[in-house]
Amino acid sequence: MDPVEAGAMLAPLFLAMDVAAFRYWKPGTWSKPDLAVLLPGLAVGVVIGTAIVALLPRDGVALAMAVVTLAFAAKYFLGQRAGQAPVAPRPRSARRGVLAGTASGITTMLAHSGGPPLAMYLLPLQLPKAVYAGTTSIYFTVANLLKVGPWLMAAPPTPGTWLLMAACLPFVWLGVRGGWTLHQRLDQKRLYWWCHILLVATGLKLLWDGLAG
């Protein structure tokens, strides 16, 4: 598929995921101090991303994100391998939160890849696993609400695209349910380990996209 057409198809499906996730991630799992600094940056980033979506080379964005994401994950795994003592949680920072939100807003608008900048802010805080998941969930609910309109305007879905969305929709619930089940079974240390593994996978995919064009 054309990347812009694919982005327009995914945007409503992401909103459907958010609706399904509300069953599990209630307001009590949201880190409101972190959202207070992340969401303003997110709004700014979505505006910037909307303005440059047709101008900025996606390959360059993918490569830059890949390098930063893989470096962040490598630092974590090298520390684990060296047997370092557990790192103390990093204190909150309004500046880092706004920067992470802005970067996430830009990249989620350009390529639906807003996860790495957000994870690089939240993971060092070492939030309880339910708070990490709940904060991520509501953050991307807001992100998807902000970007669904611009994406659908950039590539109005055809009847065939709407049919493809409908075919994907049942699997949204299965995916959210599967994620909840895994969350319940993994302890916090193992959950954070898997979060970093997923960051590596995302970084490698972005690297491939950037190099392959």
Side-chain angles (χ1 to χ4, degrees), residues 10-39 42 69-70 72-81 83-92 96-97 100-101 104-105 107-108 112-148 165-206:
L10 287 170
L13 290 175
F14 289 149
L15 273 179
M17 293 179 199
D18 298 329
V19 171
F22 275 130
R23 176 181 177 185
Y24 306 105
W25 307 121
K26 307 296 185 185
T29 64
W30 306 346
S31 176
K32 296 173 181 65
D34 294 308
L35 291 169
V37 296
L38 287 165
L39 292 180
L42 168 67
T69 301
L70 291 172
F72 176 81
K75 180 181 177 183
Y76 169 83
F77 285 113
L78 288 172
Q80 295 280 308
R81 186 175 181 181
Q84 295 177 355
V87 179
R90 178 190 288 176
R92 289 185 173 91
R96 283 197 300 269
S104 176
T107 55
T108 198
H112 288 313
S113 298
L118 178 66
M120 283 185 268
Y121 172 78
L122 288 179
L123 285 173
L125 299 179
Q126 298 184 31
L127 301 170
K129 65 174 186 173
V131 176
Y132 175 82
T135 303
T136 301
S137 178
I138 189 59
Y139 174 89
F140 279 111
T141 300
V142 176
N144 293 328
L145 283 169
L146 289 173
K147 71 184 184 182
V148 66
M165 286 187 209
C168 293
L169 201 56
F171 299 97
V172 165
W173 183 86
L174 289 175
V176 172
R177 176 68 185 176
W180 168 257
T181 301
L182 286 172
H183 176 271
Q184 294 297 93
R185 292 182 179 181
L186 294 171
D187 61 34
Q188 179 146 326
K189 181 178 180 181
R190 186 58 58 184
L191 180 72
Y192 271 56
W193 186 86
W194 274 109
C195 285
H196 285 87
I197 286 288
L198 291 172
L199 274 181
V200 171
T202 303
L204 291 174
K205 176 62 167 61
L206 290 168

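Since we're looking at a predicted model, the values are computed, not measured. Counting from 1, the numbers follow the sequence of the chain as shown.
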First locate atom OG1 of Thr202, then atom CG of Leu70, and finally report the distance between them rounded to the nearest 0.5 Å. 9.5 Å
Short question: side chain of Thr29, backbone of Lys26 - any donor-acceptor pair under 3.5 Å? yes
Within the 4.5 Å heavy-atom criterion, are Asp187 and Leu191 side-chain neighbours or not? no
Determine whether Leu118 and Phe140 make a side-chain contact, defined as any pair of heavy atoms from C-beta on separated by less than 4.5 Å. yes
Would you call the rings of Phe77 and His196 parallel, tilted or perpendicular if under 30° counts as parallel and over 60° as perpendicular? perpendicular
Are the side chains of Leu123 and Leu199 in contact, using a 4.5 Å heavy-atom criterion? yes
Minimal non-hydrogen separation, Val176 against Met17, with atom names: CG2-O, 3.9 Å
Ala133 backbone acceptor or donor facing Ser137 side chain under 3.5 Å: no
Starting at CD of Gln126, measure out to CD of Gln188 and round the result to the nearest 0.5 Å. 8.0 Å
Might you work through the side chain to side chain contact (heavy atoms under 4.5 Å, CB included) test for Trp30 and Thr136, ending with a clear yes or no? CA-CA 8 Å; Trp30 306 346; Thr136 301; over 6 Å; no
Please examine the side chains of Arg90 and Tyr121, heavy atoms only from C-beta on, and report whether any two atoms are closer than 4.5 Å. no
Can you confirm if the aromatic rings of Trp180 and Trp25 lie within a centre distance of less than 6.0 Å? yes
If I take atom CG from residue Leu35 and atom NZ from residue Lys32, how far apart are they, to the nearest 0.5 angstrom? 8.0 Å
Is any side-chain heavy atom of Val200 closer than 4.5 Å to a side-chain heavy atom of Ile197? no
Is the gap between the ring centers of His183 and Trp194 under 6.0 Å? no
Give, for atom CG of Leu15 and atom NZ of Lys147, the distance between the pair rounded to the nearest 0.5 Å. 9.0 Å
Provide the closest heavy-atom pair for Val172 versus Leu13 in the form atom of the first, atom of the second, distance. CG2-O, 4.2 Å
For the atom pair CZ (Arg177) and CG (Leu182), what is the distance rounded to the nearest 0.5 Å? 11.0 Å
Main-chain N/O of Ser104 paired to Thr107 side chain as donor or acceptor, under 3.5 Å: yes
Between Lys129 (side chain) and Lys189 (backbone), is there a donor-acceptor pair under 3.5 Å? no
Distance-only polar pair, side chains of Tyr139 and Asp34, donor-acceptor under 3.5 Å: no
Residue pair Leu38 / Ala100: nearest heavy atoms and the distance that separates them: CD2-CB, 4.2 Å
Return the SG to CZ distance between Cys195 and Arg190, rounded to the nearest 0.5 Å. 12.0 Å
